[in-house]
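Just so it is clear, the structure is predicted and the values come from calculations on it, not from any experiment. Computed over heavy atoms, backbone and side chain alike; hydrogens, waters and symmetry mates excluded. Chain letters run A, B, ... following the sequence lines, proteins first, then strands; residues in each count from 1.
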Amino acid sequence: MIKITLPDGSIREYESGISGMEIAESISSRLAKDVLSISVDGEVWDLSRPVTKDATIRLYTWDDRAGKETFWHSSAHLMAEAIEFFFPGTKFGIGPTVDTGFYYDIDLPAGQQISEKDLEKIEKKMLELAREKRDIVRSEISKDDALKMFGDKGDVLKLELISELADGTITIYNQGGFTDLCRGPHLPNTGYIKAVKLTSIAGAYWRGNEKNKMLTRIYGVTFPKQKMLDEYLALIEEAKKRDHRKIGKEMELFTFSQAVGQGLPLWLPKGAMLRQRLEDFLRKVQKKYGYEQVITPHIGQKELYVTSGHYAKYGQDSFRPISTPQEGEEFLLKPMNCPHHCEIFKWKPRSYKDLPIRMAEFGTVYRYEQSGELHGLTRVRGFTQDDAHLFCRPDQLKDEFKKVIDIIFIIFKALNFEDYTAQISLRDPNNPIKYIGSAENWEKAERAIVEACEEKGLKTVTELGEAAFYGPKLDFMIKDALGRSWQLGTIQVDYNLPERFDLEYIGADDKRHRPVMIHRAPFGSMERFVAVLIEHTAGKFPLWLTPEQVVVLPISEKYNDYAKSVLNYLNNSDIRAIIDDRNEKIGRKIRDNELKRIPYLLVVGEQESESQSVSVRKQGEGDKGSMSVDAFIEFINAEVKEQLSSFYN
RNA sequence: GCUGAUGUAGCUCAGGGGUAGAGCGCUUCCUUGGUAAGGAAGAGGUCGCGAGUUCAAAUCUCGCCCUCAGCUCCA
């Protein structure tokens with residue numbers, strides 16, 4: 001008998017050699033139906049593999065990442081089998097899982113090509129093969145046998161992989177007529193796979209190296225239920241509709257120009273207004289938290305970045321230095337604001353009583369991103385960070401961290417990001433020499449971050465070894481309305497720059513001390529944040545932020561004068577309103593302005609002009625009845641105040 | 001940066017060796033309408049840029065640029 005420890009700590013006894021599936025069956029028939037793989041002492045196994053010693057196990061279903069990975073891994077094999085059916089002689093590279101689904105890199109026989117049109121027939125074949133419910137069988141083989149097996153097939157890619165594996169660790173999996181080199185684990189049989197969608201074909205170099213042969217990569221995703229696939233496809237459709245590049249164009253927020261250059265966004269009037277409102281909001285919040293705004297130039301001497309270390313690390317792969325008529329003078333477009341802020345810190349002697357110093361700037365920086373990497377506003381070559389640097393004493397670190405977390409909470413609340421988590425990145429305990437700064441300071445800083453998060457009740461995951469060499473950090477991830485994750489703001493401790501810039505303050509002991517620096521940017525960058533906000537809200541921004549809050553719609557031209565007087569009154573009351581006095585029917589005006597995502601539509605005609613009122617229609621919700629213009633203004637202001645309540649309270 | 005696809009009116013797109021098309025938008029006129037598309041007429045384009053082939057190129061060829069997808073990268 002062997003002892004099996006379950007995740008809840010309970011221990012069950014079984015005959016040695018029991019399989020994961022049998023354990024699941026002994027727990028519940030429901031679990032046996034849902035289970036996809038098992039972890040045995042931390043290693044993920046097939047359900048059919050016998051457990052022969054005491055172990056701690058965990059059963060994985062579709063709800064677990066490991067379960068999905070098992071499912072998609074088997075799906076990759078199934079796809080490979082279907083491809084081999086249509087394209088005999090295809091050589092197979094690797095077929096791993098990705099965030100959503102899997103891919104397989106293949107090398108088609110000479111002269112053959114696979115196109116989008118082929119995907120459908122491969123999908124059909126996969127489903128046909130899946131329905132046969134063939135067992136997926138694992139076997140361990142020797143290296144010689146593996147080399148012989150794939151050598152006979154002429155599968156040179158697999159031979160290369162096998163040659164790098166140690167003898168005794170090689171496993172293969174077989175389903176029906178298809179055998180693949182694979183570490184596993186896999187589903188018990190192919191019948192679990194009920195829905196298949198092959199999403200795209202792309203080129204990819206063998207082993208990611210552009211000197212190697214270009215293979216064909218086929219991406220796919222599979223599900224245990226057709227309904228899940230339908231939902232997935234609907235989500236993709238919705239994501240396309242919300243693409244910030246599309247909405248940004250429709251709402252006239254930003255554009256790009258070939259003449260200006262790729263990756264250099266041009267903010268249009270409405271986009272600029274929106275961005276400015278975001279900046280003003282953060283400025284106000286920061287003022288309340290004791291930040292001081294500074295302004296620094298867009299370029300700096302090359303030497304500045306040699307001092308900071310950025311030139312050595314990134315100088316070769318970024319914008320080249322700008323030279324001047326003066327011999328030997330070189331300037332760089334600033335890739336970050338920190339060196340400038342360090343120089344402001346150094347401007348005069350600092351006392352421990354002056355700390356913390358909180359220096360904020362909406363600082364525009366320029367980084368040369370590879371052209372293929374540029375994407376809308378999320379990845380650009382010139383962008384503005386909502387940057388700030390806090391210079392503090394080591395004992396102030398925790399308090400400062402908590403205050404930064406407060407600011408981030410205020411922002412999330414004001415913008416309806418309700419689902420967020422944070423990642424704490426700490427040192428790799430096995431590699432302490434990698435990091436600059438004393439072990440004592442590191443410990444202090446790491447503890448400060450962990451405690452600050454706990455005290456603020458933040459949901460966190462901790463990753464060891466993810467810290468930068470110069471300090472630990474905290475990154476915020478938000479989930480948008482479609483459940484997609486985005487990395488936003490970051491708070492980063494830095495021991496490196498204070499050292500490099502020789503920053504110091506005079507302590508209570510009248511001795512010189514090194515301050516700790518915190519970099520933080522709640523939005524990350526204005527560009528990226530606006531992009532995320534567009535995709536989160538589908539362009540329906542909160543009332544306080546949206547470029548146009550209200551549109552006045554006269555029923556006919558007879559009421560244009562009254563509509564204009566309402567418009568003026570609203571504008572004079574700091575409501576952002578426009579008028580639609582086109583010669584169109586009211587139904588048409590309502591439709592067009594609903595599609596423009598304007599939150600409030602005010603219909604005015606004979607009744608309203610007589611009673612000096614407006615008929616209110618809320619975007620997406622329909623008619624709300626009529627009220628006086630003053631009552632409407634009060635109503636709008638109350639809504640704005642509610643949205644910003646976390647700041648004003 | 002690499003591989004592939006793409007680039008036609010403000011937008012979404014069709015067409016294709018003989019000098020340019022639709023829908024929406026815009027302008028004007030008719031209509032003056034009460035909560036998601038009223039009607040008519042009109043203006044608007046070096047067909048991404050540059051070379052080549054041809055009697056003739058938006059169309060074919062080559063080079064470049066942008067955009068998109070994937071790869072690689074990301075202070």
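- For B:rA9 and B:rA58, the C1' atoms lie 14 Å apart once the distance is rounded to whole Å.
- Residue contacts shown for A:Ser318 include a base, since a base heavy atom lies under 4.0 Å away.
- With pairs defined as Watson-Crick or G-U wobble and both atom distances under 3.5 Å, the stems of at least three pairs that touch RNA chain B come out as B:1-5 with B:67-71, B:10-13 with B:21-24, B:26-30 with B:38-42, B:48-52 with B:60-64.
- Distance CG/A:Leu119 to CD1/A:Ile83: 8.5 Å, rounded to 0.5 Å.
- Aromatic ring pairs are classed by plane angle as parallel below 30°, tilted from 30° to 60° and perpendicular above 60°; the pair A:Phe632 and A:Tyr600 is perpendicular.
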Please tabulate, one pair per line, each protein N/O and nucleotide N/O from nucleotides 7-12 of chain B that are separated by under 3.5 Å, including the distance.
unit_1, atom_1, unit_2, atom_2, d
B:rU12, OP1, A:Lys249, NZ, 3.2

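- Ring pair A:His340/A:Tyr305 is tilted by interplanar angle, where 30° to 60° counts as tilted.
- Side-chain atoms of A:Gln370 lie closest to B:rC73 of the nucleotides B:rA37, B:rC73, B:rA75.
- Here the separation of B:rA69 from B:rC13, taken at their P atoms, is 14 Å to the nearest Å.
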Report task. Go through the steps to decide whether A:Glu466 and A:Lys473 satisfy the test salt bridge (Lys or Arg N to Asp or Glu O under 4.0 Å), and finish with yes or no. Result -> CA-CA 9 Å; A:Glu466 285 291 304; A:Lys473 62 176 177 174; over 6 Å; no
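- Remark: aromatic rings of A:Phe345 and A:Phe501 are distant, center separation not under 6.0 Å.
- The aromatic rings of A:Phe391 and A:His389 sit tilted relative to each other, their planes meeting at an angle between 30° and 60°.
- In this pair, A:His244 and A:Phe254 present their aromatic rings tilted. The plane angle is within the 30 to 60° band.
- Checking the phosphate oxygens (OP1, OP2) of B:rU35, no side-chain nitrogen or oxygen of A:Tyr600 falls inside 4.0 Å.
- The separation of B:rU31 from B:rG38, taken at their C1' atoms, amounts to 8 Å, rounded to a whole angstrom.
- Between A:Arg381 atom CZ and B:rC73 atom P the separation is 17 Å, expressed in whole Å.
- When all heavy atoms are compared, the tightest approach of A:His536 to A:Ala481 is ND1-N, 2.9 Å.
- Rounded to whole Å, the C1' atom of B:rU12 lies 14 Å from the corresponding atom of B:rG7.
- Listed nucleotides: B:rA36, B:rC73, B:rA75. Nearest to the side chain of A:His310: B:rA75.
- At a cut-off of 3.5 Å, with distance as the only test, a side-chain donor of A:Thr384 or A:Arg275 sits close to an acceptor on the other residue.
- Here the separation of B:rU46 from B:rC73, taken at their P atoms, is 43 Å to the nearest Å.
- A salt bridge links A:Arg514 and A:Asp502; the closest N-O separation between the charged side-chain nitrogens and carboxylate oxygens is under 4.0 Å.
- The OH atom of A:Tyr219 sits 13 Å away from the C1' atom of B:rG4 (whole-angstrom rounding).
- B:rG48 and B:rC11 have their P atoms separated by 13 Å, given to the nearest Å.
- Remark: the separation of the P atoms in B:rA56 and B:rG39 is 47 Å, to the nearest Å.
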Query raised in the report: Going 5' to 3' along nucleotides 29-34 of chain B, which nucleotides have protein heavy atoms under 4.0 Å from the base (write B), which only from the sugar-phosphate (write S), and which from neither (write -)?
Result: -BBBBB
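- Comment: A:Lys334 engages A:Glu361 in a salt bridge, judged by a side-chain N to carboxylate O separation of less than 4.0 angstrom.
- Ring stacking holds between A:Tyr314 and B:rA75, with the centres under 5.5 Å apart and the planes within 30 degrees of each other.
- The separation between A:Lys246 atom NZ and B:rC24 atom P is 18 Å, rounded to whole Å.
- In the model, A:Asp428 has no side-chain atom that pairs as donor or acceptor with a side-chain atom of A:Tyr435 under 3.5 Å.
- Using the six-membered ring where Trp is involved, A:Tyr219 and A:Tyr103 have ring planes that are tilted, between 30° and 60° apart.
- A donor-acceptor contact under 3.5 Å is formed by the side chain of A:Arg617 with the base of B:rA36.
- Atom pair A:Asp387:CG and B:rA75:P shows a separation of 15 Å (rounding to whole Å applied).
- The side chain of A:Arg217 contributes no N or O atom lying less than 4.0 Å from OP1 or OP2 of B:rA69.
- Comparing the same atom, C1', in B:rU61 and in B:rA57 gives a spacing of 11 Å after rounding to whole Å.
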